[in-house]
Amino acid sequence: MAEYVEQRMEEMLGEVEQMERVNLLDNREVKELLKKRKHFEYKIQKRTKTREDFLSYIQYEVNLLSLLDIRRENTGYQHKKAEIEGGIRTRVNKLYKILEHRFQSDVNIWLSHIQFLKTIKWDSSVSRIYLRLLQVHNDKPRLWVAAAKWEFEHVGNPDNGRQIMLRGLRFLPTSWVLHREYLKLELLYVEQLRKRGEVLGTEKTKEELEDSVLDCAIVRLVAKAAIDAVNSAKFVVSLITTVRLFPFAMFVSKELMETLVEKFPTSSVTWDTLAREELGVEGKGGIRGCMEKYYEGLEVCKTKEMFGMAFSTLTDLAEVFPNSIVRIVKNIIKLLEFGKKEDLLEVKHYKFWLELQDPETHKKGMVELVKHSLTQYPTSVDLWIEQLVLSLKTAGPKAAASSFSRGLTAVGANSNDSCRLWQVMLSASSPEIGWQLLSGPDSPLDSNNPQLRLLHMEQAGYRGIAIAREVYVGYKDLPPFNKDLHYKMLEMEREEEVVSISHQRQVLTLLCDQFGSQDIGCWLEAAKLEVETGHPLEGAKLLA
């Protein structure tokens with residue numbers, strides 16, 4: 001190993017001597033440079049090689065290149081670049097190649113190498129590395145796209161870019177990304193030809209092939225092949241979006257729209273696209289045309305997905321037509337009524353509908369709507385909360401208590417949902433009624449729910465530390481044990497004006513008994529209390 005290292009060091013002497021001779025580095029810096037390089041060479045020659053060793057060496061050499069650029073700028077000396085910087089760049093390139101050979105699966109190494117080559121403007125090497133990369137990682141469409149873009153945009157060779165995309169499509173024939181980017185590449189090529197003709201002031205060529213290229217014939221073929229390979233309405237819509245980036249290809253987008261309707265007549269995506277097309281019509285007629293298309297679509301494709309698309313578009317229309325808010329709201333209500341009739345509404349739709357109405361003027365309608373929504377989604381906590389709030393506003397505490405009880409029964413054992421329902425009920429009730437609900441003899445509180453225990457503790461804390469201690473005593477030994485319960489009690493004890501160390505110690509002792517075998521933090525908390533109260537030896541015993 002030492003022989004190889006010494007050989008490498010001898011090969012570097014020429015460039016190092018040149019650095020010192022032209023005053024890019026002084027004698028001390030040269031010695032340090034040789035020492036660091038020797039260190040790195042030994043690390044990459046050892047039996048077990050790691051990528052970190054190579055990357056550290058590469059980073060050191062790249063930093064050296066940056067330093068030399070700064071020194072040359074300061075001194076104005078621009079000679080001997082081939083001997084000095086050229087040698088360093090060649091070394092870094094070689095290190096990257098070794099690294100890529102040993103760790104072929106790491107895409108970041110390849111991309112880092114490519115970025116380095118782009119920085120030093122070794123364009124031909126970039127193309128070669130891309131080809132090697134694609135031989136190893138031919139299952140990643142983004143890499144094929146990056147390689148094709150490099151050839152087309154930077155090298156200026158559209159034929160190579162086209163060949164790369166076609167090779168990628170042979171490996172990944174159903175890739176959305178590859179098909180879409182290949183279509184974009186062909187569109188860019190046509191745009192390039194058109195701009196060249198405009199700049200040169202030449203007339204359109206008489207050759208039929210060239211005419212067909214400028215008229216997007218190749219673009220049409222590429223789009224057709226993509227649609228045949230990827231049988232998806234969403235994919236066709238993505239192609240339409242791509243084509244519309246190029247004004248000269250608007251007729252191609254119209255053809256794609258016709259293909260969308262022809263191939264996917266019952267798809268919700270098709271009707272959503274057709275409806276959104278109507279919004280491009282200037283004036284208020286856009287809303288009417290949009291809704292007509294959505295209703296046509298709902299007749300053909302009567303699904304919740306289709307309804308959700310229509311609802312989403314309508315709720316976003318306020319930004320498109322800010323002066324037509326009233327019309328938009330009327331259309332939303334009409335759509336919601338249609339959805340209710342056809343059982344297409346989801347929970348979020350019912351909530352939105354209820355928010356649009358005023359309990360004072362639409363009391364009866366809101367009551368019927370909530371009742372209907374709960375028949376569709378009887379276990380939805382959001383709808384039970386709406387029922388509870390509406391009962392409080394329109395029918396009084398007794399009706400609200402009845403709704404609350406039925407809601408708890410409906411949500412069942414779901415601890416999060418029942419806790420949310422309790423929180424709403426407590427926030428809407430007076431302190432005395434809320435406490436009676438929690439602690440009364442007929443309380444519906446599920447004492448086996450850890451979250452409800454914490455809620456009970458919080459409410460007890462508002463009534464004083466004595467009541468909080470009573471509630472804590474009732475829960476502390478009751479399975480399932482809850483760590484948060486102990487910490488909540490500890491927090492309440494510490495917030496008192498007269499802090500009780502004995503009560504804190506009792507809480508921490510129980511916490512350690514129940515959770516000490518799983519969580520060392522319990523013991524640390526107990527030891528911390530002993531240290532703060534002047535008993536460090538007791539704290540040490542706890543941790544021993």
Trainee: For Glu360 and Lys393, run salt bridge (charged side-chain N to carboxylate O under 4.0 Å, His left out): C-alpha distance rounded to whole Å, both residues' side-chain angles, the deciding distance at 0.1 Å, then the answer.
Mentor: CA-CA 9 Å; Glu360 294 183 2; Lys393 290 180 179 179; over 6 Å; no
Trainee: Counting only heavy atoms not in Ile520 (residues, nucleotides, ligands), do more than 12 fall under 6.0 Å from its CD1?
Mentor: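 No - once you tally the heavy atoms of other residues, nucleotides and ligands closer than 6.0 Å, there are 12 at most.
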Trainee: For Asp272, is there an ion pair with Lys293 - N to carboxylate O distance below 4.0 angstrom?
Mentor: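 So Lys293 does not pair with Asp272 through a salt bridge.
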Trainee: One thing to verify: whether Glu432 and Arg463 come together as a salt bridge, which I'm taking to mean a side-chain N less than 4.0 angstrom from a carboxylate O.
Mentor: yes
Trainee: How long is the straight-line distance from CD1 of Ile227 back to CG of Leu260, given to the nearest 0.5 Å?
Mentor: 8.5 Å
Trainee: CG/Leu187 to CG/Leu245 distance, rounded to the nearest 0.5 angstrom?
Mentor: 8.5 Å
Trainee: Quick check for you: to the nearest 0.5 Å, what is the distance between Gln506 atom CD and Ile501 atom CD1?
Mentor: 12.0 Å
Trainee: Going from CD1 on Ile385 to CZ on Arg420, what distance comes out if it is rounded to the nearest 0.5 angstrom?
Mentor: 4.0 Å
Trainee: Are Tyr130 and Trp110 close enough that their ring centres sit under 6.0 Å apart?
Mentor: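 Here the rings of Trp110 and Tyr130 have centres that are no less than 6.0 Å from each other.
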Trainee: Does any donor atom in the side chain of Thr313 or Arg276 lie under 3.5 Å from an acceptor atom in the other side chain?
Mentor: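 Checked: Thr313/Arg276 side chains pair up, N/O donor to acceptor below 3.5 Å.
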Trainee: For residues 402-413, dump all side-chain donor-acceptor pairs below 3.5 Å to protein atoms at least two apart in sequence or in another chain.
Mentor:
from, atom 1, to, atom 2, distance (Å)
Ser403, OG, Gln387, NE2, 3.2
Ser403, OG, Ser391, OG, 2.9
Ser403, OG, Ala399, O, 3.1
Thr409, OG1, Ser405, O, 3.0

Trainee: Taking all non-hydrogen atoms of both residues, which atom of Ala249 and which atom of Val243 are closest, and how far apart?
Mentor: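 Heavy atoms of Ala249 and Val243 come nearest at O-CG1, 3.3 Å.
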Trainee: Would one find more than 12 heavy atoms of other residues, nucleotides or ligands at under 6.0 Å from atom NZ of Lys302?
Mentor: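 Enclosed.
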Trainee: Look up atom CG in Leu454 and atom CD in Gln451, then write down how far apart they are to the nearest 0.5 Å.
Mentor: 8.0 Å
Trainee: Do the ring centers of His486 and Tyr472 come within less than 6.0 Å of each other?
Mentor: yes
Trainee: Can you give the donor-acceptor pairs under 3.5 Å from side chains of residues 328-338 to other protein atoms, not counting sequence neighbours?
Mentor:
from, atom 1, to, atom 2, distance (Å)
Asn331, ND2, Arg327, O, 2.8

Trainee: Is a donor on one side and an acceptor on the other found under 3.5 Å between the side chain of Asp215 and the backbone of Ala217?
Mentor: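 Pair absent, no side-chain N/O of Asp215 close to backbone of Ala217.
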Trainee: Using only atom types and a distance under 3.5 Å, with no angle test, would you say the side chain of Ser238 pairs donor to acceptor with the backbone of Phe235?
Mentor: yes
Trainee: Is there a donor-acceptor pair under 3.5 Å between the side chain of Trp523 and the backbone N or O of Cys512?
Mentor: no
Trainee: Just checking Lys371: does its NZ atom have more than 12 heavy atoms from other residues, nucleotides or ligands closer to it than 6.0 angstrom?
Mentor: no
Trainee: For Tyr475 and Ser447, which heavy atoms make the closest approach, and how far apart are they?
Mentor: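 Answer, listing the atom of Tyr475 first, then Ser447: CE2-CB, 3.9 Å.
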Trainee: Quiz question: by atom type and distance under 3.5 Å, do the side chains of Glu186 and Tyr182 form a donor-acceptor pair?
Mentor: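 Distance-only check passes for Glu186 and Tyr182.
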Trainee: Under 3.5 Å, side chain of Thr266 to main-chain N/O of Cys301, donor-acceptor pair present?
Mentor: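 No.
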Trainee: Less than 4.0 angstrom from a charged side-chain N to a carboxylate O is my criterion; do Glu278 and Arg288 meet it?
Mentor: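 The answer is no: the pair does not qualify as a salt bridge.
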Trainee: Test: salt bridge (Lys or Arg N to Asp or Glu O under 4.0 Å). Region: residues 487-507. Which pairs qualify, not counting sequence neighbours?
Mentor: Arg469-Glu493, Arg494-Glu525, Arg505-Glu530
Trainee: Applying side-chain hydrogen bond (donor to acceptor under 3.5 Å, both in side chains) as the test, list every pair that has at least one member in residues 241-263; sequence neighbours left out.
Mentor: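 Listed by first then second residue: Arg220-Glu255, Arg244-Glu277.
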Trainee: Enter the distance from Asn449:CG to Asp417:CG here, rounded to the nearest 0.5 Å.
Mentor: 10.5 Å
Trainee: Extract all donor-acceptor atom pairs below 3.5 Å that involve side chains of residues 421-431 and protein atoms in other chains or at least two apart in sequence.
Mentor:
from, atom 1, to, atom 2, distance (Å)
Ser427, OG, Gln423, O, 3.1
Ser427, OG, Val424, O, 2.9
Ser429, OG, Met425, O, 2.7
Ser430, OG, Ile433, N, 3.4

Trainee: State whether the number of non-hydrogen atoms from other residues, nucleotides or ligands found under 6.0 Å of Lys304 atom NZ is greater than 12.
Mentor: yes
Trainee: Pairs of donor and acceptor atoms involving the side chains of residues 347-355, under 3.5 Å and at least two apart or interchain, shall be tabulated with distances.
Mentor:
from, atom 1, to, atom 2, distance (Å)
His349, ND1, Glu346, N, 2.9
Tyr350, OH, His372, ND1, 3.1

Trainee: Between the side chain of Ser418 and the main-chain N/O of Ser415, is any donor-acceptor distance below 3.5 Å?
Mentor: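 The answer is yes, because a donor-acceptor pair under 3.5 Å joins these two groups.
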